[in-house]
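On a predicted model such as this, the values are computed, not experimentally measured, just so you know. Side-chain atoms are counted along with the backbone in the values below, which use heavy atoms only and exclude waters and symmetry mates.
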Number of protein chains: 2
Amino acid sequence: MKKTVFVFSALIIAILALFQLSKYAYISGDISIEIGIAVIALVFFVIGVYINKKSLRKQKVASPKIDSKKIETLGISKREYEVLIGISEGLSNREIADKLFVSESTIKTHVSNLLVKLDAKRRTQAIQRAKALQILLP
Amino acid sequence: MKKTVFVFSALIIAILALFQLSKYAYISGDISIEIGIAVIALVFFVIGVYINKKSLRKQKVASPKIDSKKIETLGISKREYEVLIGISEGLSNREIADKLFVSESTIKTHVSNLLVKLDAKRRTQAIQRAKALQILLP
DNA sequence: AAGGTTTTGGTACTTTAGTATGAGTCCTTT
DNA sequence: AAAGGACTCATACTAAAGTACCAAAACCTT
């Protein structure tokens, strides 16, 4: 909001300044009227581009980001989250174990805990839930 | 491309017209210089907004759609695709069977065929592959 | 009607996934 | 130092998932 006030203040000042400039040029004849008009055109062209860009930015759909706060809220630990990513990549427990340099038993434990925390019965459901909770990118 | 040429032609004509208008107003004194400047400012403001909107539209990401042609190419049948959707929803074979009013054996057959067609080893990998192939929405 | 594809379903078996439980190690906080 | 949490791993099961192979309806298409 403060930016909007600033922009419109600058806009009004620019208009007044240009009016004065044009009058001065008109009377003194130092600056040709063509250059004055060109400056005005350029200034308002830039203002148009800037204001439009600002308004469009607000309309843009919120880009989906990982909600790290929700991960904490659900009590999902660092290691569990790494396992969750492995699941979403379509890896088996064995493959996740090899990727994280731990045993398959460990992965099974993590998966079991994840399913409870995500309120899911299967790993496929866990993927769905995690994406719905914005814990994983779509 | 044709539109761009048109826009720039209109822009140049507008500039020339405004130059003439300003000169005419300057000589005859019929129109005050403030109004002339205001018109110029407005015109270029609008041009700025329009050009910016056009350039931003092109930058927008193409909205992801289901590639039904790819489904055919992979030889995935109607029923198999329904099963695939069930898998992506995190359902078990039993649940998919109940949803489609068929036996679990049938679902297993469909899943097995799907895994071959999607070149996946697990249903979780099938989800990943299907989304990568734009067969399923992200 | 014949022929191909899809859909359906079964049996039998192997492989993963997931649960339950217990326990040791390492870190951090009190 | 004790307590709690996170990470690790194992055993022993149960439950799904997935494979292989076969076969019969149900549909289309020619």
B:Thr109: which of B:Asn113, B:Val111, B:Thr106 passes side chain to side chain contact (heavy atoms under 4.5 Å, CB included) | B:Asn113
Please determine which of B:Asn93, B:Ile87, B:Asp98 meets the side chain to side chain contact (heavy atoms under 4.5 Å, CB included) test together with B:Ile107.
-> B:Asn93
Do A:Ile135 and A:Asp67 have side-chain heavy atoms sitting under 4.5 Å apart?
->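 The answer is no, as the side chains (C-beta and beyond) never meet within the 4.5 Å cut-off.
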Examine [N]: is either OP1 or OP2 under 4.0 Å from a nitrogen or oxygen in the side chain of [X]? Give yes or no.
X        : N      : value
A:Asn93  : C:dA17 : yes
B:Ser105 : C:dG10 : yes
B:Arg123 : D:dG18 : yes
B:Ser77  : C:dT6  : no

Looking only at non-hydrogen atoms, find the nearest pair between B:Leu115 and B:Lys121 and report the distance.
-> CD1-O, 4.0 Å
What's the closest nucleotide to the side chain of [X] if the choices are [options]?
X        : options               : result
A:Lys108 : D:dA10, C:dG9, C:dT19 : C:dT19
B:Arg79  : D:dT19, C:dT8, D:dC7  : C:dT8
A:Ser92  : D:dG18, C:dT16, D:dC7 : C:dT16
B:Val111 : D:dG18, C:dT7, D:dC7  : D:dG18

What is the distance, to the nearest angstrom, from the [atom1] atom on [X] to the [atom2] atom on [N]?
X        : N      : atom1 : atom2 : answer
A:Ile96  : D:dC7  : CD1   : C1'   : 16 Å
B:Arg122 : D:dG18 : CZ    : C1'   : 11 Å
A:Asp98  : D:dC9  : CG    : P     : 12 Å
B:Asn113 : C:dG9  : CG    : C1'   : 13 Å
A:His110 : D:dA10 : NE2   : P     : 13 Å
B:Leu114 : D:dT19 : CG    : P     : 11 Å
B:Ile76  : C:dT5  : CD1   : P     : 17 Å
B:Leu91  : D:dA17 : CG    : C1'   : 14 Å

What about B:Ile96 and B:Leu84, same hydrophobic cluster or not, with Ile/Leu/Val/Met/Phe/Trp/Tyr joined at side-chain heavy-atom distances under 4.5 Å?
-> yes
Give B:Ser103 one of three labels, base, sugar-phosphate or nothing, depending on what nucleic acid heavy atoms sit under 4.0 Å from its own.
-> sugar-phosphate
When we call it a touch if two heavy atoms are under 4.0 Å apart, what does A:Ser112 touch: a base, just sugar-phosphate, or nothing?
->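 Base contact.
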More 5' along DNA chain C: B:Glu104 or B:Gly75, using each one's nearest nucleotide?
->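 With B:Glu104 and B:Gly75 compared, the 5'-side residue is B:Gly75.
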